[in-house]
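What follows is one structure encoded as C-alpha cells, with my remarks underneath.
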Amino acid sequence: MDISKKYNFKESEEKWRKYWEDEKIFAFEENSEKQIFSVDTPPPYASADHLHHGHIMSYAQAEFIVRYKRMRGFNVFYPMGFDDNGLPTERFVEKKYNIDKSKISKKEFIELCLKETEISSQTYKKLWSSLGVSVDWSRTYSTISPLATKVSQGSLIDLYKKKALYQKEAPVLWCPSCQTALAQADLEDKEEESKINYINFKGEDGSNLTIATTRPELLPACVALYINPTDKRYKNLIGKMAKVPLFDYSVPIKSSEKVDVNFGTGIMMVCTWGDKEDLEKWQLDNLDTRPLILENGKLGELAGKYQGLDLRDAREKIIDDLKKDGFLGKQEDITHFLNVHERCSTPVEFVNSKQWFIKISTPELKEKWLEMGKKIKWYPEDKFKILEMWVNSLKWDWCISRQRYYGVPLPIWYCEECSEPIFADEKDLPVNPIKDKPPVDKCPKCGSNNIKPEEDVMDTWATSSCTQFLIRELVESKKDKERLYPPVVRPNAFEIIRTWDFYSIVRSFYQFNDIPFENLMISGWGLGQDGKKLSKRLKNYTPPEEVISEYGADSFRYWATGAGLGQNLRFSLDEIQKGKKTTTKLWNAFKFLSMQIEDFDLNKVKAFKDASLDYSDNWIIEELNSTIRLATTEFEKYEFAKARNYIDDFFWSKFTDRYLEFVKYRLYGDDIESKIAAQWTLYKVFLAILKLFAPIMPFVTEEIYQSGFRDIEGYKSIHISNWPDKLYLENNQKKDLAEFNIVLDLIDEIKRYKSENNLSIGAELENYQLEKIKPNIDVFGDFIKKVMRIKNLSS
RNA sequence: GGGCAUGUAGCUCAGGUGGUAGAGCGUUUCGUUGACAUCGAAGAGGUCAGAGGUUCAAGUCCUCUCAUGCCCACCA
C-alpha cells in the first residue's frame, strides 16, 4: 500500500467534500422505510460578512449529532435554509450601498436585497461545506422564496380563521429610526447616562408642584399627575388640577398606589405614552390622549414652537426654556436602562397605529406556551428556564406587521369603505397584494368595489417561525411530508429561544395543536480568545475560512467539541492544534497498521478464532467495548463533548501509548498464530476508533477508511457505514483482566525505573527484581519481558 | 431588585447517586533512529472562591458571603 508520509489535510478535505457531494452521500432517501432523523436547522441571516467561529461552533456541534445518527442507520433529513427577508437584510443593504431611501425606488431596493442575499447564501454554502457540514444541498430554502411565502401566508390565514390573528389600532412599540412597528422580542436593553429633571408645575392655588422626570421633552404630552394616596404631603391635591409649565394647560391630579413615594418628589408625570406605566394609567383611568411623537421620531403639532424637532434636540431646548423661565429645579445624574431596537440600538417609542397581532399574552395562553415547552425535550434541561422567564415577562401580543419593504407580504386587502380586511384565497398563494388581484371584486361586508392592498410585510420571525412545517415541503413524497412533522431536533444557540423557538411553539400550537419539534439542542456562544463576546467592532476573531485553510476543518471541528451543551467556548489555537495533532496521530497509526497488516488476509480473518487472542488483545477489546458504550450513551444525550473525551482517552492512552507497544514484538516475531491475532485485533479496534471519531473529524477518518478499510467493509463512505458495535468475545475465551491490570501496573513501574535510571524505554535490562507488584510470572513473564525488553525477571 | 450560570494545578476545563483530587496545554528532567519530534516516560505544581452547617467522611449536600458572566424587571 502506498501511504504518503504526511497527512495532507488540504488535499484530502477538498477531495472528500467533492466526493460526498458528487456521490450524494448525505441525500435524504424519500419513500424509505428507515427511521427518519430530521433536523430543523437555523436559517442564518443573509449578511454573511459577519461569520465567525461562533457560527462554526454551533453548526459543527449540531452536525456531530447528525453524523452520529446517520451512522446509527437513520434516514437523515438535513436541509438548509437562509433567512434573507426582513429588516436585518434591509439594514445590511442600506449600509453596504450607502442608500438614501428617499432616492431609490422600492423595486430597485428589493432587487439589491435579493442580489445580496444570493451572494450571501453562496458564501454560507461555501463555508458550511468546507467545514464538512453534512447538509443535503439539494434541499434548501430561503425565507423570501415563493415556497416560504406560501407556507407563512397560508399559516397566517389559518390563524385568522382561528381568531388568533387580529388587527387593532393602539399604541405600539415603534422604532423611529426604522420607522416600523416592533414586537417585544425585538427589544434589548441599553444602559444610558441621563438626568432626572425636577420641574415645577403650578397648582390651582399658585403653589409649586414639583415632578421629577428623565423625559422633559414629553411635557406637551402630559395628561395627568399622579400621587400615592398614602402620601401625606400631597393628599389634599388629589382631584385638583395643575398647570403644565411652558405649555400652559391644565391636567388633573390623580392617585395611584403604584406611585413610589420615595422616587423623585413623589409626584409622577404621566404623558401620552412615555413608557408602559403611562400606557397602563392611560387605559385604566381613561386619560386624555395627546399624541406627540411622530412616526419619524420628531415632535408633532402639540409641541408648539418645538414642532419638528428630534426628541433629543427638543429635550435640550425645553430644558433651556424651563431654566430661563424658572421652572427647572435641580438636576440629578442617573444611570438607567432604555429599551432599544436590537437591530439599530435606537430607543423605542410608543406610537399609535393600526397593526396586526397574534394573541400570545393572556395568562391562559402563557400557560399553554409553557405546557408546550415542557413537552419538548431540552438539551440541556436547565435552558427551559430561559423560555419560562421570557413567557412570564410577555406584556403584549405579538405585533407581526412591519412597515418595511423587503419581506413576505401580508396576504391581505381592505375595503376602502368599511375597512373590512379581505384575506387571500389559499389556492392563490403566494400572493403579493400590491401586484396581485384580490380574491373578490366586492367587499363581502358592504359590497363596495373599492378595494386596496395591504402594503406592510411580516416580521421576519413570522416567516421563520414556520420552518418546522416549511422544511417538509422540500420533499415530494406525501408520506414523507407527514413523517417529517414534527422535526426530531432543532439545534440553536440560546439567544434565539425567546424568538425563533418561542414563536415556533406559538405557530405550531395554533396550526396543529402540537409541539414544533421533539428535541431542542442548545449551544452556547463562541467567545473570543479574550473570553469576550465576539464582535466585529472589537475584531476579536479570525475569519473562519482562514482557520480552516491553515489548520483544516477537522481541527476546527475538534475545537468545537470543547464545550458542553449550552456552554460558551473560548476560541483557542491550542485546542485547534490539538485537533490537528489528533488527525496526524490517526494518520500515523494508520501508517503503522497498514505496514503491519500488509499481509493481512481477509480469508484468514474470517477463519480466525478468538481463542488465540492473548491477554493484551482481550484487554484492548474490553477497553474498546466500554469506550463504545460510554461514547454512545453520551452521543444519545447530545453530549458530544463527553463522548469525545472518552474516545480521545481510549485512542491516545490505551490504544497508541500502550497497545501498539504491546503488539510490536508479536508482529515482528514468527509466531504466526499470535501475529494473526494481533493483526485481527489491530484491524478491528482501529476501524472502531475511526468510526468513533468520524462524526467529529469526518475528513481524516474518511481518507483512512477509503484507503484501508472500504475494500474490506464495502461501504461507499465511512459516514454511511455502521456505528461500531461491541466486539463480541465468547465468554469461555474471555480472560480475567484483573490479573492483567497488575501487569499494567508493573509495566508502569518498570518504565519509572528506567526513567529514574536515565535509561531509554527500549533499553535492554539484564534483570528486573519484582518487589511490590507481582503478577503471575508463569502466565505473563514472557509478555512482560518482551514488551519491556528484560532478559530475566526475578522475584 | 429578581433569576440562571460559573468560580477546581500557571492557562483552558473534566470531575452520576458524598469515601484519600484528574486531563490537555505550559513547565522541569530524561528518552526516542521500524507508525508518530504533530512522539514517549517521569516529576514539580491544588487550604477544589470564602465562612458556617449536616455527616464517621464534602470539590460533591444545606445556608450565607464574595467575584464574574448572562437573562428579566425597573425609578417615572
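Just so we're on the same page: letters track the sequence lines, and every chain starts at 1.
Residue A:I750 contributes atom CD1, which lies 13 Å from atom C1' of B:A41 at whole-angstrom precision. Computed from coordinates, the A:F350 CZ to B:A76 P distance equals 14 Å when rounded to whole Å. Taking atom NZ of A:K581 as the reference point, atom C1' of B:C25 lies 8 Å away to the nearest angstrom. What separates NZ of A:K754 from P of B:G43 is a distance of 16 Å, to the nearest Å.
When heavy atoms are screened at a 4.0 angstrom cut-off, A:E388 is found touching no nucleic acid atom at all. Within the nucleic acid shown, A:K383 has no heavy atom closer than 4.0 Å to any nucleic acid atom. If you check every strand for non-hydrogen atoms under 4.0 Å, A:K276 touches sugar and phosphate atoms only.
Near RNA chain B, meaning a heavy atom under 4.0 Å from it, residues 329-339 of chain A has A:I334, A:H336, A:F337 in order of number. A heavy atom lying under 4.0 Å from RNA chain B marks the following residues of residues 561-576 of chain A, by number: A:Q567, A:R570, A:D574. A heavy-atom distance below 4.0 Å to RNA chain B is reached by none of the residues of residues 644-651 of chain A.
When the P atom is compared between B:C66 and B:U27, the two are found 39 Å apart, to the nearest whole Å. The same atom, C1', is picked in B:C74 and in B:U65; the two are 26 Å apart, to the nearest Å. Distance noted for atom P between B:U28 and B:U54: 47 Å (whole Å).
Comparing atom distances between the A:V259 side chain and each of B:A41, B:C74, B:A76 picks out B:A76 as nearest. Each of B:C30, B:C39, B:A42 was ranked by its minimum atom distance to the side chain of A:R752; first place goes to B:A42. Considering only the side chain of A:D657, B:G40 comes nearest among B:G34, B:A76, B:G40.
In terms of polar N and O atoms assigned as donor or acceptor, the side chain of A:K385 never comes within less than 3.5 Å of the base of B:C4 in a complementary pairing.
Each of A:K578, A:K585, A:K654, A:K642 was scored for a salt bridge (Lys or Arg N to Asp or Glu O under 4.0 Å) with A:D648, with one residue passing: A:K578.
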